[in-house]
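So the structure is just underneath, and the comments pick up after that.
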There are 2 protein chains.
Amino acid sequence: MPAQQPSLDAIFSALADPTRRAILGMLLEDDMAVTDVAAPFQVSLAAISKHLAVLAAAGLIRQERRGRIIWCKLEPDGLRNASVWMQGFGQFEPVDLDDFERFLREALPLADGDEAKS
Amino acid sequence: MPAQQPSLDAIFSALADPTRRAILGMLLEDDMAVTDVAAPFQVSLAAISKHLAVLAAAGLIRQERRGRIIWCKLEPDGLRNASVWMQGFGQFEPVDLDDFERFLREALPLADGDEAKS
DNA sequence: TCCATATTCAACCGGCAAGTTAAGCAAAGC
DNA sequence: GCTTTGCTTAACTTGCCGGTTGAATATGGA
């Protein structure tokens, strides 16, 4: 069940994890099977499976089974509410895609080292 | 120390808590002293103090002492990186402030009942 | 100086979130 | 039908997070 609008709680805490953000970044380029999503990470497949469940619950991705493969695809509208909410603070000028590209490159060295603890 | 750019980790997990989002909403209207921030909530002052520390660490607010009062003020740029990041997923049309107003009203019934567990 | 006000710190507790491994299902292939 | 492949579930461990209370600190006022 797609459920009703996921809460901002769900969305933001889904985004709070670097692994999950990395996954979203990957899915931005292409739909992927669970195993493939898991490949670049050090953690177990089960862990990734859970991450995907969290993202799905937050409405950020959709998972649909075809055969024995479950395809994960981005649900871009999932970010809409959160985005609307954030935009309210300080009127940013309409965001520039170059900024985003740069950001992706910096913020998505994938997995492990990503954001060091201290 | 203002520290260097707070991580997306810090920002999103700060935003993941409804109490903290409510606080941001309050500060959107005006700078406030810690005690006043705490007033509408059921939880202890100490708890709010911690929430404010989290928000400050995430670069979303700034706290400056004047006399014995510590003023909390929004740091609108704190959301910038996160906003840039989010905008990358699905090009939303430049967000409309009315949306935001509506959202604040819905999403900020403050404190307790806010987002029910299940 | 002494007291009240404003805020944080310290120690502690319960719960949840993320990780693990091992077992369970489901669909394809031989 | 058995095995492999793809993925989830279950049970468990560990660590962080949000809450509490009570003491500590800092400033302003009488």
Listed once per pair and sorted, the salt bridge (charged side-chain N to carboxylate O under 4.0 Å, His left out) pairs that draw on residues 39-63 of chain B, sequence neighbours left out: B:Arg62-B:Glu64, B:Arg62-B:Glu75

Between D:dG18 (P) and B:Leu55 (CG): distance, integer Å: 10 Å

Those residues that, when tested against B:Thr35, pass side-chain contact (heavy atoms from CB on, under 4.5 Å) (two or more places apart): none

Set of salt bridge (Lys or Arg N to Asp or Glu O under 4.0 Å) partners for A:Asp31, sequence neighbours left out: A:Lys73

Residues forming a salt bridge (Lys or Arg N to Asp or Glu O under 4.0 Å) with A:Arg68, sequence neighbours excluded: none

Contact under 4.0 Å: A:Ser44 side-chain N or O vs C:dG19 OP1/OP2: no

Are there any protein N/O atoms within less than 3.5 Å of an N/O atom in nucleotides 6-8 of chain C, and if so, which ones and at what distance?
| unit_1 | atom_1 | unit_2 | atom_2 | d |
| --- | --- | --- | --- | --- |
| C:dA6 | O3' | B:Arg68 | O | 3.3 |
| C:dT7 | OP1 | B:Val34 | N | 3.3 |
| C:dT7 | OP1 | B:Ile70 | N | 3.0 |
| C:dT7 | OP1 | B:Ile70 | O | 3.4 |
| C:dT7 | OP2 | B:Thr35 | N | 2.7 |
| C:dT7 | OP2 | B:Thr35 | OG1 | 2.1 |
| C:dT8 | OP2 | B:Ser49 | OG | 2.5 |
| C:dT8 | O5' | B:Ser49 | OG | 3.4 |

Rounded distance in Å - CG (B:Asp17) to P (C:dA17): 12 Å

Touch class at under 4.0 angstrom, heavy-atom based, for A:Arg66 against every strand present: nothing

Nearest-Å distance for atom pair CD/C1', residues A:Gln42 and C:dT21: 18 Å

Nearest-Å distance for atom pair CE/C1', residues A:Met32 and D:dG6: 14 Å

A:Phe41 CZ - C:dG19 C1' separation (whole Å): 15 Å

Short side-chain N/O contact to D:dC17 OP1/OP2 from B:His51, under 4.0 Å: no

Co-members of the apolar cluster containing A:Trp71 [side chain, <4.5 Å]: A:Ile69

Shortest non-hydrogen separation from B:Asp9 to A:Pro18 and the atoms involved: OD2-CD, 3.4 Å

